[in-house]
Participant: 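Before we start, here is the structure in question, set down as structure tokens.
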Protein chains: 2
Amino acid sequence: MLKILLADDHHLVRDGIKMFLESEADFKVIGEAKNGLEAVELNAELKPHLVLLDISMPEKNGIEAATEILQHKPIPKIIMLSMYLDEKYINTCMETGVHGYIHKGADKKELIEGVRKVMTGQNFYSKEVREVMVSNYINSLKQKKKNLTQQKVTITKREMEIVKLIMKGYSSVQIAEDLFISNRTVDTHRANLMQKLDVKNSIELINKVTELNLV
Amino acid sequence: MLKILLADDHHLVRDGIKMFLESEADFKVIGEAKNGLEAVELNAELKPHLVLLDISMPEKNGIEAATEILQHKPIPKIIMLSMYLDEKYINTCMETGVHGYIHKGADKKELIEGVRKVMTGQNFYSKEVREVMVSNYINSLKQKKKNLTQQKVTITKREMEIVKLIMKGYSSVQIAEDLFISNRTVDTHRANLMQKLDVKNSIELINKVTELNLV
DNA sequence: TTATGAGTAGGTAATAATACCTAGTTTTAA
DNA sequence: TTAAAACTAGGTATTATTACCTACTCATAA
């Protein structure tokens, strides 16, 4: 008998997946959580063999919950369930050390297959997740190439403050008053920023920092 | 026997809800669609009594699908299913004339209750949806007040062109060259814009048009 | 301890933007 | 067809920004 803890904030989805899992004779959902906090607590209390965690949940999301669960023995197998194929989510999950990641677009066969595979000690990622991982890998190669050509720029704390005020439409004098420095100092910072980012006026500066999301 | 068409792009969710519905003796899911296009086609083909449509789907979203389905007789009852309690979604759904809106955070009881209520010809919105509708109503009253104080501004085509170039960091001279007009004309447009939008420099101008999304 | 980077501030000039005008032509809507 | 709005462009002045400099202080890392 495989004891499963299921966490998902949407009741309909949770109960659906539960019915789904229990169509397998040897699966039993012994607990249900509607947020990450509950999941952590129920895991400690019920000590399930497997925890299925939805990623986007209130209180504590699936990733945070997984991180905590993995710190206390006995460690259950953990499979993340997600609505999204966002590479950020997938990458973060990889880093936390969960045992599987299944997209909600997967079908029953894949879900059951994934659960069984994870229980044998292997990792499992559903088909669509694997596809994202592959395309990510390819992108990361391209990105690496790009990073070589474009030397990285570092913006200091003070410059950051200045940029933020420039973005609010403040003039040098206003910024100077705000920061209790000379407007000439502000001009110097502004000029340094423009040089660093290779732009020729404040609007381009704003566009650039936004583009490189340094804000 | 109530014939139901179910549309949701996530297999696990779809099959879950299906099992869920069919736990009622007189409910029968006669078709499943994994996007809006399929939903429209299957509706025409199967002529179900009720269509459950997830809002966010590829190809054609739930709202677009609902709009089409409502144009061809026989018109089934339609209930939107949504992950989100976004007021925009809810409002748009209201406008399309669907018969119900159920949040996926609802439970089995509410789903079944909603289906039965809709089938009697009434509308149904799940508890959390009703809450959003109430708070929206209150907000709309506040908004109305705000709109009275802030008279609406209209930006002309030419001004729009100018703003877009300003946003790219172009100077008046560059803009003038781009549009084959005098830089003084550009200055006039810029000044008119700043006056209209009650700002005192180009950066604030950009922030304002972005905020009021006039771009 | 010294070199480096960050933060500060000023000089001088040129260029750009803003403020407040007038006023013509063209387009659009009443 | 006439009035209003949009687009055009200029005058004049003030203020702000940008370009290139130098140079001091302070903290921190080599």
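In what follows, chains carry the letters A, B, and so on, assigned in the order in which the sequence lines appear, proteins first and then strands, with residues in each chain numbered from 1.
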Participant: Calculate, to the nearest 0.5 Å, the distance between atoms CD1 and CG belonging to B/Ile79 and B/Leu111 respectively.
Facilitator: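 Reported value, rounded in 0.5 Å steps: 7.0 Å.
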
Participant: To the nearest angstrom, how far is B/Asn183 atom CG from C/dA16 atom P?
Facilitator: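 Those two atoms, CG and P, are 9 Å apart.
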
Participant: Looking at A/Ser172 and A/Asn183, what are the two nearest heavy atoms and their distance?
Facilitator: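 For A/Ser172 and A/Asn183, the tightest heavy-atom pair comes out as O-CB, 4.0 Å.
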
Participant: With B/Glu159, which of B/Lys196, B/Arg190, B/His189, B/Lys164 fulfils side chain to side chain donor-acceptor pair (under 3.5 Å)?
Facilitator: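 The side chain to side chain donor-acceptor pair (under 3.5 Å) with B/Glu159 is passed solely by B/Lys196 among B/Lys196, B/Arg190, B/His189, B/Lys164.
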
Participant: Specify the separation, in whole Å, of atom CD1 of A/Ile181 and atom C1' of D/dT25.
Facilitator: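 That distance rounds to 15 Å.
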
Participant: Going through the distances and angles, do A/Arg14 and A/Asp54 end up as a salt bridge (Lys or Arg N to Asp or Glu O under 4.0 Å)?
Facilitator: CA-CA 9 Å; A/Arg14 190 169 67 240; A/Asp54 182 32; over 6 Å; no

Participant: Base, sugar-phosphate, or nothing: which does A/Thr156 touch, judged by heavy atoms less than 4.0 Å apart?
Facilitator: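 Answer is sugar-phosphate: A/Thr156 comes under 4.0 Å of backbone atoms only.
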
Participant: Do A/His10 and B/His103 have their ring centres less than 6.0 Å from each other?
Facilitator: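 Here the rings of B/His103 and A/His10 have centres that are less than 6.0 Å from each other.
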
Participant: For nucleotides 17-25 of chain C, print each protein N/O atom paired with a nucleotide N/O atom at under 3.5 Å, atom names and distance only.
Facilitator:
from   : atom 1 : to       : atom 2 : distance (Å)
C/dA17 : OP2    : B/Ser172 : N      : 3.1
C/dA17 : OP2    : B/Ser172 : OG     : 3.3
C/dT18 : OP1    : B/Ser202 : N      : 2.9
C/dT18 : OP2    : B/Arg190 : NH1    : 3.4
C/dT18 : OP2    : B/Ser202 : OG     : 2.8

Participant: Between C1' on D/dC7 and CZ on B/Phe180, what's the gap in Å once rounded to a whole number?
Facilitator: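 Answer to the nearest Å: 17 Å.
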
Participant: Rounded off to whole Å, could you give me the CD1-to-P distance for the A/Ile175 and D/dT18 pair?
Facilitator: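 In whole Å, D/dT18 P lies 11 Å from A/Ile175 CD1.
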
Participant: Between atom CD in B/Glu159 and atom P in D/dA5, what is the gap in whole Å?
Facilitator: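 Going from CD in B/Glu159 over to P in D/dA5 covers 13 Å.
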
Participant: Send over the distance from A/Arg158 CZ to C/dT8 C1', rounded to a whole Å.
Facilitator: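 Distance, rounded to whole Å: 9 Å.
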
Participant: Please determine if a side-chain N or O atom of A/Thr185 lies less than 4.0 Å away from the OP1 or OP2 oxygen of C/dA9.
Facilitator: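 It does, given that an N or O in the side chain of A/Thr185 lies less than 4.0 Å from OP1 or OP2 of C/dA9.
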
Participant: Applying salt bridge (Lys or Arg N to Asp or Glu O under 4.0 Å), run through A/Glu113 and A/Lys117 and close with a yes or a no.
Facilitator: CA-CA 6 Å; A/Glu113 179 193 342; A/Lys117 189 165 179 188; over 6 Å; no

Participant: What is the distance, rounded to the nearest whole Å, between atom CG of A/Asn192 and atom C1' of C/dG5?
Facilitator: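 Rounded to whole Å, this separation is 11 Å.
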
Participant: Within less than 4.0 Å of OP1 or OP2 of D/dC7, is there a side-chain N or O belonging to B/His189?
Facilitator: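 No, because none of the side-chain N or O atoms of B/His189 sits under 4.0 Å from OP1 or OP2 of D/dC7.
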
Participant: From CD1 of A/Ile155 over to P of C/dA6, roughly how many Å is that when rounded to an integer?
Facilitator: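 Taking atom P of C/dA6 as the reference, CD1 of A/Ile155 is at 11 Å.
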
Participant: Walk me through whether B/Lys34 and B/Glu38 qualify under salt bridge (Lys or Arg N to Asp or Glu O under 4.0 Å).
Facilitator: CA-CA 7 Å; B/Lys34 60 177 184 296; B/Glu38 276 188 23; 2.8 Å; yes

